[in-house]
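Report on the structure given below.
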Number of protein chains: 2
Amino acid sequence: MVKYVPNYELDRIFQALADETRRSMVERLVRGPASVSDLARPLEMSLPAVMQHLQVLEACGLVRSGKSGRVRTCHIQPEGLRAAEEWIAGRRTSWERGLDRLGDYLADTPQAPDQAPENRSTS
Amino acid sequence: MVKYVPNYELDRIFQALADETRRSMVERLVRGPASVSDLARPLEMSLPAVMQHLQVLEACGLVRSGKSGRVRTCHIQPEGLRAAEEWIAGRRTSWERGLDRLGDYLADTPQAPDQAPENRSTS
DNA sequence: TCAATAGTCAAGCAGTTGCTTAACTATTTC
DNA sequence: GAAATAGTTAAGCAACTGCTTGACTATTGA
């Protein structure tokens, strides 16, 4: 059947994006490079904490940084974002194809014998 | 009422997607509804563990389920996927706009005093 | 009615995460 | 060369995760 190649990279990317602080750092870096202090300024936490978030972002390839003098400059690395986006888009299109097939099936069938489970409040 | 999706919702969605087991459950459900046992069959873990993953997926709205008789049937709920996809796409386009601006700047400027900082080799 | 099936609940445990503080190194700037 | 700036390292800690096992309920089929 389907061979699951565990994608640790996706694990790390989604994990990195699962934190509001790190997402805000990505939002900042998407507008242009920034130093660690730049990234830390709007955040209400210690500099080491910011460094640790930065390390998470670097470990999954979302961000790169380099040091010049005493300043470390960080910039975004969009490939990781694209990988995550593509995984989601792939699932969504897969789901939409399923809807198409269901539509075809319903169009070709007098009645739908398929029964939805317990009632759920469609909000 | 207000159709406001707070950011901690994104936290939970990305957190849910940060696990290979849960992503494989999403991949399965994207092809059509499945029972808890269906979801558990290809996974090498106990049924309670699968239930806990399912609860994570339901808590962030990626999956819905309902019970009919003794069978709980799960199906995907694509809005959450779309929210995550849109967050990423928004950042990516923001980054691309930045590239455009950089391109304009470079086109309007005699020489580019760009200084690429040293790259740190993360081991 | 009895046993198999499908799922659920609760406790517990090892490993991870997100933060802190304290102490430290390296680079400017005065 | 002393002080300010920018970042780094390490240790520690509470909360959270992902999993387990054991005991349990509810439904179905013979």
Side-chain angles (χ1 to χ4, degrees), chain A residues 4 6-8 10-26 28-29 33-60 62-75 115 117-118 120, chain B residues 7-8 10-26 28-29 33-60 62-75 115 117-123:
Chain A
Y4 284 126
N7 196 334
Y8 299 118
L10 267 187
D11 272 33
R12 288 201 221 111
I13 292 171
F14 281 127
Q15 181 72 54
L17 294 178
D19 184 280
E20 167 68 23
T21 298
R22 286 191 295 261
R23 282 201 307 279
S24 78
M25 290 167 75
V26 167
R28 168 63 188 80
L29 290 174
S35 70
V36 176
S37 304
D38 288 341
L39 292 175
R41 196 161 303 116
L43 302 173
E44 290 175 346
M45 64 181 65
S46 67
L47 204 56
V50 175
M51 287 286 295
Q52 286 162 33
H53 282 301
L54 180 60
Q55 279 162 16
V56 171
L57 289 169
E58 287 204 61
C60 69
L62 282 174
V63 165
R64 278 231 189 175
S65 76
K67 205 162 173 182
S68 162
R70 65 183 165 179
V71 177
R72 176 170 297 278
T73 303
C74 311
H75 45 94
Q115 197 45 269
E118 166 194 311
R120 63 189 204 278
Chain B
N7 280 348
Y8 58 78
L10 268 186
D11 274 32
R12 288 204 216 117
I13 291 171
F14 282 127
Q15 181 71 55
L17 294 178
D19 184 280
E20 168 67 23
T21 299
R22 285 191 295 263
R23 283 201 306 279
S24 78
M25 289 168 76
V26 167
R28 168 62 189 81
L29 289 174
S35 71
V36 176
S37 304
D38 288 341
L39 292 175
R41 197 160 303 116
L43 303 173
E44 290 175 346
M45 63 182 66
S46 66
L47 204 56
V50 175
M51 287 284 295
Q52 285 162 35
H53 282 301
L54 180 59
Q55 279 160 17
V56 172
L57 290 169
E58 287 204 61
C60 70
L62 282 174
V63 166
R64 282 236 187 172
S65 74
K67 206 162 172 183
S68 161
R70 64 184 166 180
V71 178
R72 174 169 297 279
T73 304
C74 312
H75 47 92
Q115 39 174 23
E118 152 207 324
N119 271 337
R120 192 171 54 165
S121 60
T122 45
S123 51

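Naming: A, B, ... by sequence-line order, numbering from 1 per chain. All values reported here derive from a predicted model rather than from experimental measurement.
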C:dG18 phosphate, OP1 or OP2, under 4.0 Å from A:Arg22 side-chain N/O: yes
B:Arg12 side chain reached by B:Leu62 side chain, heavy atoms, under 4.5 Å: no
Side-chain donor/acceptor of B:Arg22 to backbone N/O of B:Gln15, under 3.5 Å: yes
Closest-nucleotide ordering on DNA chain C, the 5'-leading residue of B:Gln15 and B:Gln55: B:Gln55
Options C:dT21, D:dT20, C:dC19, nucleotide nearest the side-chain atoms of B:Ser46: D:dT20
Per B:Arg70 side chain, nearest of listed nucleotides D:dT28, D:dT5, D:dG7: D:dT28
Euclidean distance, atom CD of residue A:Glu58 to atom P of D:dG7 [Å, nearest integer]: 13 Å
Length of the NZ-P vector between B:Lys67 and D:dT27, whole Å: 7 Å
Value in whole Å for how far the P atom of C:dT16 lies from CD of A:Gln52: 15 Å
Selected nucleotide, minimal atom distance to A:Asp19 side chain, candidates C:dG18, D:dA4, C:dT8: C:dG18
Proximity to the side chain of A:Met51 - top-ranked nucleotide from D:dT8, C:dG18, C:dT27: D:dT8
Selection from D:dG7, C:dG7, D:dT28 that lies nearest to any side-chain heavy atom of B:Leu47: C:dG7
Nearest listed nucleotide, side chain of B:Arg72, among C:dT8, C:dT20, D:dC19: C:dT8
Rounded distance (Å) that lies between atom P of D:dT5 and atom CZ of A:Arg41: 12 Å
Euclidean distance, atom CD of residue B:Glu44 to atom P of D:dT20 [Å, nearest integer]: 10 Å
Separation of B:Cys60 SG from B:Leu17 CG (nearest 0.5 Å): 7.0 Å
Pairwise side-chain contact, B:Leu54 with B:Arg72, heavy-atom cut-off 4.5 Å (strictly under): yes
Nucleotide D:dC16, atom C1' - distance to CG of B:Asp11 in whole Å: 13 Å
Separation of atom NE2 in A:His53 from atom C1' in C:dG18, rounded to whole Å: 6 Å
Euclidean distance, atom CD of residue A:Glu20 to atom P of C:dT17 [Å, nearest integer]: 19 Å
Closest non-hydrogen atom pair, B:Leu29 against B:Cys74: CD2-O, 3.4 Å
Which nucleotide in C:dG7, D:dT8, C:dT28 has an atom nearest any side-chain atom of B:Ser37: C:dG7
